[in-house]
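Contents: one structure, followed by commentary.
Here the structure is a predicted model, which means the values were calculated and not measured.
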Amino acid sequence: MATISSIQESIIEDFEMLDGDMEMTIGYIMELGSKLPDFPEDQRTDENIVKGCQSKVWLHAKLDGDKVVYEADSNTAITKGLVSLLLTILSGQTPDDILNADLFFKERIGMNRFIGTQRSNGFAAMIKQMQIYALALKAKIEA
Amino acid sequence: MVTTDLNIEKIRKDFPILHQEVNGKPLIYFDNAATSQKPQSVIDALTHYYNTDNANIHRGIHTLAERSTTAFENTRKAVAEFLNSNEVEEIIFTKGTTEGINLVAATYGRKFIGEGDEIIISGLEHHSNIVPWQILCEEKGSVLKVIPVNDKGELIMEEYDKLLSDKTKLVSVNYISNALGTINPVKEIIDKAHGVGAKVLIDAAQAAPHATLDVQGLDCDFMAFSAHKVYGPTGVGALYGKRALLEAMPPYQGGGEMIKDVSFSGTTYNDIPYKFEAGTPNIGEVIALKAALDYVSELGLENIAAYEHELLEYATELLSEVEGFQAIGTADNKASVISFLIDGVHPFDLGQILDAKGIAVRTGHHCAQPLMERFEIEGTVRASFSVYNTKEEIKTFVEALKSAIKMFK
């Protein structure tokens, strides 16, 4: 499994190829979202909705051995792409790695510029929720 | 005679902000219902005030104070003329429409509306014309009633008739809906309310840039509007109130300007309108509002409305050919606002992609959540046109929309 840092470097390289073109960047993010695996219907509950997002985002996490596996979905295509980026980086990592992760890719790809303040706040809420899940699953592993 | 032969290219030159690229594309600004852009004359008025006249008003004896005070009061005269009010003293400066409504709720409402009394608003209201009344009702034990909206986004007037009774103390409705563009039959609403002895507040926030306002002709008791939607600065608006009502109302806020004499044993309040204007106002912005009203007056509101109607009809025609287009709000009488959805595409996504193409539209619930609930939707994409917009921009917008939709197929 690649490390959180190396996955981020690879994402940064992909975004560099888009050369800051707003339309192409959004198109690319939407394409990433469309590749997200189907979200389990039994997890599409109010409890799994991320608070603080303007769009609806469902996020769920489970353990696979000592690794956290995330599943997510959104009712908007761009947000689905954004959450899929996070899943690419954090899903399949250990709780400790997730909790200690420095998500430097956000600044390096200039995310705030192309998603705006409101979506940035929602994006931060998704990250926070993923960390909360990691913490809870860490406690489960240690129990 | 209404003419639509405005020189739009010349008008566009008056608005410096329009001539820029956004995300590498020429800006197309279709978020005018949220706020309009400002002509150079308004920007110049603001700059002139701070460069040459800046002083506090009404109290200083020196030349700058005299200049500021004169310019400030000249705007009051211009607003009185804009609203066709009978007296200049019936115009109170506020921060905007929201504060105007809150002022009436907090003063007239608190004094004259009591337990069991009823306030009627409409299902087309934005939050600013809902929440102040909810607060008042909670405090006083009064009851809030809502005129329902039909599928076209028009008020159901038969239901309004049923809501009216001798319990009705106040009716507060918007002239034009910000979310759907519906133009409400305010004269009929006012006359019927007066028939049961109720007072009427007209929220003219959206109407001010699109319709001729005439408080005497309408015979409304209060009318509120914001400068920033009518090509003026932000943070400033005006409230009209009939003299007798304003005189009977208690002050809104305590402080300087609203008093005649203060001693620790008691205070005598100032005359209207100063009784309602505590503290130092947004002087420069109030002064610049006159430049905005002068600008509108020069173009002629009827000309503006006629041209915007042309834009609305053109946009409606082009948009109706877009695959999956669904208009939300199809009132017979509409201002230049098109709220819509595209099947299978979330409004946020569309708004973001259009922004990437340099086109500014509003997406979401437009601060009118109950109205969105009425249509069982989360929100819409809203394109709202102003006098400086063109048919070419609409054509570009529709092409951009079609190309955005392709990204979702």
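- Interatomic distance, CD1 of A:Ile26 versus NZ of B:Lys357, reported as 9.5 Å (0.5 Å rounding).
- In this structure, A:Asp38 places its CG atom where only 12 or fewer heavy-atom neighbours from other residues, nucleotides or ligands lie under 6.0 Å away.
- With respect to chain B, the highest number of heavy-atom pairs below 4.5 Å among A:Glu31, A:Met24, A:Glu23 belongs to A:Glu23.
- The neighbour count for A:Lys56 NZ, taken as heavy atoms of other residues, nucleotides or ligands under 6.0 Å away, does not exceed 12.
- Taking NZ from A:Lys80 and NE2 from B:His346, the interatomic distance works out to 13.0 Å, rounded to the nearest 0.5 Å.
- Counting heavy atoms of neighbouring residues, nucleotides and ligands inside a 6.0 Å radius, atom NZ of B:Lys25 exceeds 12 of them.
- The environment of B:Lys406 atom NZ is sparse: at most 12 non-hydrogen atoms of other residues, nucleotides or ligands sit within 6.0 angstrom.
- Taking B:Asn23, B:Asp355, B:Ile353 one by one and counting their heavy-atom pairs under 4.5 Å with chain A, the maximum is reached by B:Asn23.
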| task | In sequence, state the C-alpha distance, the side-chain angles, and the governing distance for B:Glu378 and A:Asn75, and then conclude on side-chain contact (heavy atoms from CB on, under 4.5 Å). | result | CA-CA 11 Å; B:Glu378 281 179 55; A:Asn75 64 341; 3.3 Å; yes
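- Residue-environment remark: CD (B:Glu323) stays at or below the threshold of 12 foreign heavy atoms within 6.0 Å.
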